[in-house]
There are 2 protein chains.
Amino acid sequence: MPGPTPPPTDPDASPAPTTPSPAVACGMECGEISHAISRVARSHRVTAGQLLRRLGLYPGQELLMMRLWEVGPQRQSELIKLLGIDASTVTRMVQRLEQAGLVSRRPSPDDRRAVLVETTAAGEALRAEVGQVWQELEDRTLAGLTDDDRRDLARLLSLLERNLTAG
Amino acid sequence: MPGPTPPPTDPDASPAPTTPSPAVACGMECGEISHAISRVARSHRVTAGQLLRRLGLYPGQELLMMRLWEVGPQRQSELIKLLGIDASTVTRMVQRLEQAGLVSRRPSPDDRRAVLVETTAAGEALRAEVGQVWQELEDRTLAGLTDDDRRDLARLLSLLERNLTAG
DNA sequence: GCCAAATGCTTGGCCAGCCAACTATTCATG
DNA sequence: CATGAATAGTTGGCTGGCCAAGCATTTGGC
């Protein structure tokens with residue numbers, strides 16, 4: 001019986017769907033929204049990756065470049081705060097972007113511990129294309145949503161972000 | 001002048017914030033929601049990772065386990081469809097879960113290409129704890145949201161998912 | 001019955017991202 | 001002024017996740 005039968009454990013599992021599961025008490029379906037977040041996030045990243053591939057970028061790198069375009073040369077510690085990712089991730093991402101010729105690094109004159117990261121001419125040349133890719137990504141993501149939907153979504157996402165970064 | 005000054009390129013950048021940027025035309029702020037999705041997704045995954053760590057799981061693995069608990073022994077190709085992730089990812093994830101003693105693999109009697117994956121007793125023992133972790137994650141994520149908010153969010157996320165998996 | 005096409009899975013290679021441990025520099029405090 | 005604490009960055013090690021290439025098996029078409 002290797003078919004898609006439910007697991008034979010829990011022999012007292014009643015087939016009535018209205019009865020709450022005895023193992024875990026869940027409001028509707030357990031972790032429904034967390035599941036949806038996982039799936040949407042992965043699809044979103046994959047879509048970004050497909051669009052960025054033609055520019056020679058990997059998903060995640062465009063976020064760093066966009067920050068540099070937005071705020072100008074920055075020390076890595078500032079990028080870490082702005083992007084909210086781990087220091088070691090930034091170190092290696094900057095190393096790869098430097099190797100690709102898109103950013104350059106130089107020691108900070110004020111603080112001999114710090115490294116300043118700035119875009120090169122080649123990096124600057126990607127700015128418009130990345131903007132188009134990002135716009136295309138946003139368009140695909142939000143296709144069919146009304147302006148009200150978009151406002152709601154932005155509001156709800158910012159609530160989630162606050163919740164999840166509080167701890 | 002290594003301060004956080006804006007980049008000196010684009011000398012015609014007017015300081016009026018109401019004027020659309022000449023480089024890229026964006027509705028409100030460029031890719032606002034895509035940025036929010038990225039940030040929320042990362043925080044969500046990090047939070048899941050912190051909660052799962054005490055169970056010896058890495059984020060992503062719990063999704064595979066939950067599917068197995070839900071639908072019973074499955075061939076990998078079915079898990080690939082259910083989880084929507086790459087075949088190679090499932091292969092290696094199952095390898096690691098097997099090494100951790102949480103799942104076992106055996107060849108399918110019907111199809112000599114296929115591999116059946118099922119949970120072990122040790123894997124089954126994690127079921128309740130993973131359910132609690134997932135519930136805690138959902139609670140933290142949705143803290144402060146009304147029931148209406150949650151319904152809206154679920155609806156909007158499912159729209160995004162449809163949009164992003166269409167291509 | 002045979003051979004090409006489709007399916008199921010694996011491996012190699014790459015990247016983002018995390019944690020832990022470490023070095024070098026700066027800062028604060030007595 | 002000296003010493004410990006905080007900060008900046010790096011490296012090692014591990015995972016999830018992707019793509020591309022490859023192998024074994026099954027299936028469809030002739």
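Being a predicted model, the structure only gives us computed values, none of them experimental.
- Contacts classified as side chain to side chain donor-acceptor pair (under 3.5 Å) and involving residues 57-68 of chain A (residues at least two apart or in different chains) are given here: R67(A)-E70(A).
- Follow the hydrophobic side-chain contacts under 4.5 Å out from V115(B) and you never reach M65(B); the two are in separate clusters.
- When the side-chain nitrogen and oxygen atoms of Q61(A) are compared with OP1 and OP2 of dA16(C), one or more of them lie within a distance under 4.0 Å.
- Distances shown here put every side-chain N or O of T91(B) at or beyond 4.0 Å from the OP1 or OP2 atom of dC9(C).
- Residues satisfying the salt bridge (charged side-chain N to carboxylate O under 4.0 Å, His left out) criterion with R75(A), sequence neighbours excluded, are D111(A).
- Here L51(B) contributes atom CG and Q135(B) contributes atom CD; the two are 12.0 Å apart, rounded to the nearest 0.5 Å.
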Under 3.5 Å, which protein N or O atoms sit close to an N or O of nucleotides 3-7 of chain D? Give each pair with its distance.
| from | atom 1 | to | atom 2 | distance (Å) |
| --- | --- | --- | --- | --- |
| dT7(D) | O2 | R113(A) | NH1 | 2.5 |

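- Side-chain contact between N163(A) and T141(B): absent, with no pair of heavy atoms (C-beta onward) separated by less than 4.5 Å.
- Note that CD1 of I37(A) is 13.5 Å distant from NE2 of H44(A), once rounded to the nearest 0.5 Å.
- Comparing dG17(D), dT26(D), dC19(C) by their closest approach to the side chain of D86(A) singles out dC19(C).
- For Q95(B) and dT10(C), the shortest distance from a side-chain N or O to OP1 or OP2 is not below 4.0 Å.
- For dA16(C), the OP1/OP2 oxygens have no side-chain nitrogen or oxygen of T89(A) closer than 4.0 Å.
- Look at Q76(B) and you'll find a side-chain N or O under 4.0 angstrom from OP1 or OP2 of dT10(C).
- For R112(A) and dT23(C), the shortest distance from a side-chain N or O to OP1 or OP2 is not below 4.0 Å.
- Spacing between atom CG of L51(A) and atom C1' of dC19(D) amounts to 16 Å, rounded to whole angstrom units.
- Every residue meeting the salt bridge (charged side-chain N to carboxylate O under 4.0 Å, His left out) condition with E118(B), not counting sequence neighbours, appears here in chain and number order: R106(B).
- Nearest-nucleotide assignment on DNA chain C puts the 5′-proximal partner with M93(A), out of M93(A) and D111(A).
- Axis deviation across the helix from dG1(C)-dC30(D) to dG30(C)-dC1(D) amounts to 20°, comparing end segments of five pairs, rounded to 10 degrees.
- Take the nearest nucleotide of DNA chain C for K81(B) and for L63(A): the residue whose nucleotide is more 5' is K81(B).
- Checking S88(B) against D86(B) by side-chain atom types alone, a donor-acceptor pair falls below 3.5 Å.
- Protein atom CG of L52(A) is 15 Å distant from nucleotide atom C1' of dC19(D), rounded to whole Å.
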Interface polar pairs with nucleotides 12-14 of chain D, N/O, under 3.5 angstrom:
| from | atom 1 | to | atom 2 | distance (Å) |
| --- | --- | --- | --- | --- |
| dG12(D) | N7 | R92(A) | NH1 | 3.2 |
| dG12(D) | N7 | R92(A) | NH2 | 3.3 |
| dG12(D) | O6 | R92(A) | NH2 | 2.5 |
| dG13(D) | O6 | R92(A) | NH2 | 3.0 |

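- Residues W134(B) and I85(B) are members of one and the same hydrophobic cluster, defined by side-chain heavy-atom contacts under 4.5 angstrom among Ile, Leu, Val, Met, Phe, Trp and Tyr.
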